[in-house]
4 protein chains.
Amino acid sequence: MSPRNVEKDLQKREIRIVHILSSAIEVMAVKGIGSVSMNDIASAAGVSIGNMYHYFKSKDEIFAELLRRGQTDYGEFVAIIAQKPDRAREKLYMICSTWLQMTNHWAYTILIHTARMSETSSEELRRQVTERFTNNLSPVAAIMEQGQREGEVKTGDPMELAFYFVSLIQGLTLQRAPGVEVPVGIEPADIVRLFLTAA
Amino acid sequence: MSPRNVEKDLQKREIRIVHILSSAIEVMAVKGIGSVSMNDIASAAGVSIGNMYHYFKSKDEIFAELLRRGQTDYGEFVAIIAQKPDRAREKLYMICSTWLQMTNHWAYTILIHTARMSETSSEELRRQVTERFTNNLSPVAAIMEQGQREGEVKTGDPMELAFYFVSLIQGLTLQRAPGVEVPVGIEPADIVRLFLTAA
Amino acid sequence: MSPRNVEKDLQKREIRIVHILSSAIEVMAVKGIGSVSMNDIASAAGVSIGNMYHYFKSKDEIFAELLRRGQTDYGEFVAIIAQKPDRAREKLYMICSTWLQMTNHWAYTILIHTARMSETSSEELRRQVTERFTNNLSPVAAIMEQGQREGEVKTGDPMELAFYFVSLIQGLTLQRAPGVEVPVGIEPADIVRLFLTAA
Amino acid sequence: MSPRNVEKDLQKREIRIVHILSSAIEVMAVKGIGSVSMNDIASAAGVSIGNMYHYFKSKDEIFAELLRRGQTDYGEFVAIIAQKPDRAREKLYMICSTWLQMTNHWAYTILIHTARMSETSSEELRRQVTERFTNNLSPVAAIMEQGQREGEVKTGDPMELAFYFVSLIQGLTLQRAPGVEVPVGIEPADIVRLFLTAA
DNA sequence: CATGAATGAGTTTTCATTCAT
DNA sequence: AATGAATGAAAACTCATTCAT
């Protein structure tokens with residue numbers, strides 16, 4: 001085996017993993033998180049069920065990995081936004097509209113909470129999810145603080161404001177689950193406005 | 001015909017049903033919604049597993065009934081608040097603090113979303129849940145409108161504001177699920193403040 | 001209690017029993033014999049399930065009684081026919097057409113065979129059913145013998161002919177079960193003709 | 001893609017299916033059709049209960065497949081007999097004696113009728129069973145017609161005669177179920193004779 | 001790495017029968 | 001006699017995981 005091939009194999013493996021994970025989210029969005037079976041995911045990914053276990057040790061590992069990547073990606077996205085030279089209100093708008101546009105985001109959101117609540121998921125997993133959630137609040141809190149310095153964001157503990165901001169978006173995300181939808185519009189600008197001083 | 005007191009039987013039955021349902025919520029709060037078995041609920045309620053089926057046709061019916069009662073109770077609570085002679089900001093505060101204090105409320109919230117997402121739950125159930133959710137927005141919207149007339153609540157479509165308010169509270173509720181908790185305080189007054197004009 | 005009342009009670013009881021039994025056959029014809037539950041029968045009879053056990057010791061007893069009465073009634077019917085002053089060919093015709101006209105007769109027929117085959121039914125029950133079946137062959141065999149004396153019925157062991165005659169009718173009865181039916185006419189005269197010498 | 005021999009796998013699967021089906025008939029013949037459980041069949045076939053569901057979606061599917069194969073095999077058998085160069089009376093004799101010699105044939109017969117009667121079995125299944133039954137009458141009807149041309153079979157609609165012939169054999173088959181048996185001999189020659197003109 | 005057959009524990013559901021009222 | 005709640009054993013079915021090929 002040349003090192004070239006080893007590298008290629010690893011790439012292939014990574015592609016496969018990403019493919020399986022996105023298929024998992026996809027099928028979770030259709031079947032409902034609680035009732036997705038290994039078989040469902042394997043079929044959706046076009047992979048044999050036995051082969052799934054070459055990529056993941058268990059079903060729980062799939063969920064854990066899904067969460068890790070989802071939360072990490074989101075964290076990076078928010079961090080990048082936070083470091084931009086724009087004004088705070090614009091940054092909040094970007095986060096808000098981007099998030100709400102993402103299809104399947106509600107699936108991630110439900111998955112996060114399912115993972116945290118299920119006795120099945122290990123204490124360790126729950127701790128990690130909560131830790132990442134909390135960490136991901138920091139960039140948003142930084143934006144809130146920036147906004148307060150700019151005189152546009154309401155006063156109050158920036159971390160608390162960030163918490164409310166993210167919770168609000170998550171709450172709305174859940175309302176966008178497929179099936180029947182709540183017949184009330186969602187306007188990112190209006191959401192951001194709640195956190196601003198000027199009416 | 002019957003040597004038994006029919007009315008008393010019906011009362012007993014209702015009491016039993018309520019008891020089973022609250023046991024169900026209780027155990028769901030501990031075990032996690034996805035993994036509650038009929039056996040868990042039966043044990044928690046101190047009822048034999050076979051007997052459960054005298055009160056509910058299926059596990060799904062338990063969930064459906066739980067949702068119906070939970071949403072109806074909440075709707076009545078909000079309607080009563082809305083009709084009080086208090087100011088809007090005070091009403092919002094009452095809703096917010098009451099809701100966040102309720103133990104197990106996160107369980108209802110997750111259950112609502114689980115029900116709406118699972119392919120298992122019928123289209124009919126999903127429709128009903130969404131309809132009740134939407135109906136329950138109205139009293140909150142009325143409060144928003146009142147607040148706008150009083151000059152304290154921010155401008156904007158009252159229904160939209162109500163939607164945000166409820167979504168925010170639901171989003172926060174989810175963060176209060178047992179296990180590891182997010183280390184950020186939740187202050188009802190601060191939440192309400194987001195919807196007010198005066199900083 | 002006057003003896004008058006006791007007698008009346010017994011009459012009432014008998015009426016009730018007959019009513020339950022006919023409801024049982026009725027519902028077996030709809031639900032299928034294998035899947036009739038005590039509850040089904042009780043509901044069909046408009047009797048509470050607990051009350052069923054005042055009239056029958058068990059579900060098996062219902063089946064046993066159903067068989068006993070069905071076979072006894074049939075036996076009496078055939079015996080009466082056999083003793084009539086008519087010619088054998090006419091007697092055969094009467095048996096054949098009467099039987100095939102009876103609604104639900106297929107249910108009895110299947111029930112007989114189900115009872116004889118199921119390991120559930122006791123050895124004793126199976127013996128009784130077979131014994132009654134065999135006994136009920138005798139009057140038909142007598143008719144066959146009469147017919148042979150009259151020169152109209154084919155030669156051969158009368159008991160064997162009777163066995164074929166009854167088996168043929170039972171086989172046809174099974175084809176008349178509800179649902180889709182075999183699109184071939186059944187003519188009693190043609191059936192009888194099979195057992196006659198003259199074409 | 002696959003390091004396994006796909007064709008061989010399919011062959012193995014077919015063998016397994018046939019094995020399970022014959023085990024099912026076997027155990028039905030012992031336990032009685034109504035009370036055969038998945039577990040019984042699995043044990044009889046030496047297969048784990050979970051594995052049964054790799055081959056059949058449900059218990060009903062097993063019954064449906066059993067019927068399909070049984071009726072198809074019988075149809076082929078009869079068709080082959082019909083095309084032989086022999087005389088009609090000899091063909092009828094072959095069908096009759098072969099059928100009555102087949103062990104477990106009564107089990108198929110009862111199964112057919114059980115399937116047609118049970119509300120459990122779908123309308124579709126009942127239609128199929130009846131259709132196959134009707135189709136299988138045709139070769140027998142052809143034999144009857146041949147016999148009429150040969151001057152040995154009684155006059156009358158050949159299809160109707162075939163219907164009677166098959167019903168008679170089925171009726172007799174049911175009498176051969178295990179347990180107590182009717183103490184009357186069954187002679188294929190005598191049965192065929194019923195359909196012949198010459199005494 | 002790839003496949004899908006095999007396992008067995010676990011889940012929901014049914015049902016004959018008993019029992020307190 | 002009448003009712004229907006209660007029980008528990010058993011049935012059908014599911015599914016994560018392992019393993020031979």
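In what follows, chains are A, B, ... by sequence order, proteins preceding strands, each numbered from 1.
In this model, the phosphate group of F:dG4 is not approached by any side-chain N or O of B:Arg13 to a distance below 4.0 Å at OP1 or OP2. The shortest distance between the side-chain N/O atoms of A:Arg16 and the OP1/OP2 oxygens of E:dC1 is not below 4.0 Å. Considering only side-chain N and O atoms, D:Tyr53 lies nowhere under 4.0 angstrom from the phosphate OP1 or OP2 of F:dT14.
The nearest heavy atom of DNA chain E to B:Lys12 and to B:Ser58 marks one nucleotide each, and the one closer to the 5' end goes with B:Ser58.
In this entry the distance linking CD1 of B:Ile15 with P of F:dA5 reads 14 Å, nearest Å. What separates CG of C:Leu10 from P of F:dA1 is a distance of 10 Å, to the nearest Å. The nearest whole Å value for the distance from the NZ atom in C:Lys57 to the C1' atom in E:dT18 is 16 Å.
Rounded to the nearest 0.5 angstrom, A:Ser22 OG and A:Ile41 CD1 are separated by 11.0 Å. Summarising the geometry, atom OH belonging to D:Tyr55 is positioned 5.0 Å from atom CG belonging to D:Asn51; distances are rounded to the nearest 0.5 Å.
Counting only heavy atoms from C-beta on, A:Met38 has its side chain closest to F:dA16 among E:dA2, F:dA5, F:dA16.
A pairwise comparison of heavy atoms in C:Ser35 and C:Asp40 identifies O-OD2, 3.6 Å as the closest pair.
Sorted by residue number, the members of residues 43-52 of chain C with any non-hydrogen atom under 4.0 Å from DNA chain F read C:Ser48, C:Ile49, C:Gly50, C:Asn51.
Rounded to 10 degrees, the angle separating the terminal axes of the helix from E:dA2-F:dT21 to E:dT21-F:dA2 is 0°, with each axis obtained from five end pairs.
Contacts of A:Tyr55 with the nucleic acid, taken as non-hydrogen atoms under 4.0 Å apart, involve only primed sugar atoms and P, OP1 or OP2.
With salt bridges taken as basic N to acidic carboxylate O contacts below 4.0 Å, one links D:Glu14 and D:Arg69.
Under 3.5 Å, the side chain of B:His54 and the base of F:dA6 form at least one donor-acceptor pair of N or O atoms.
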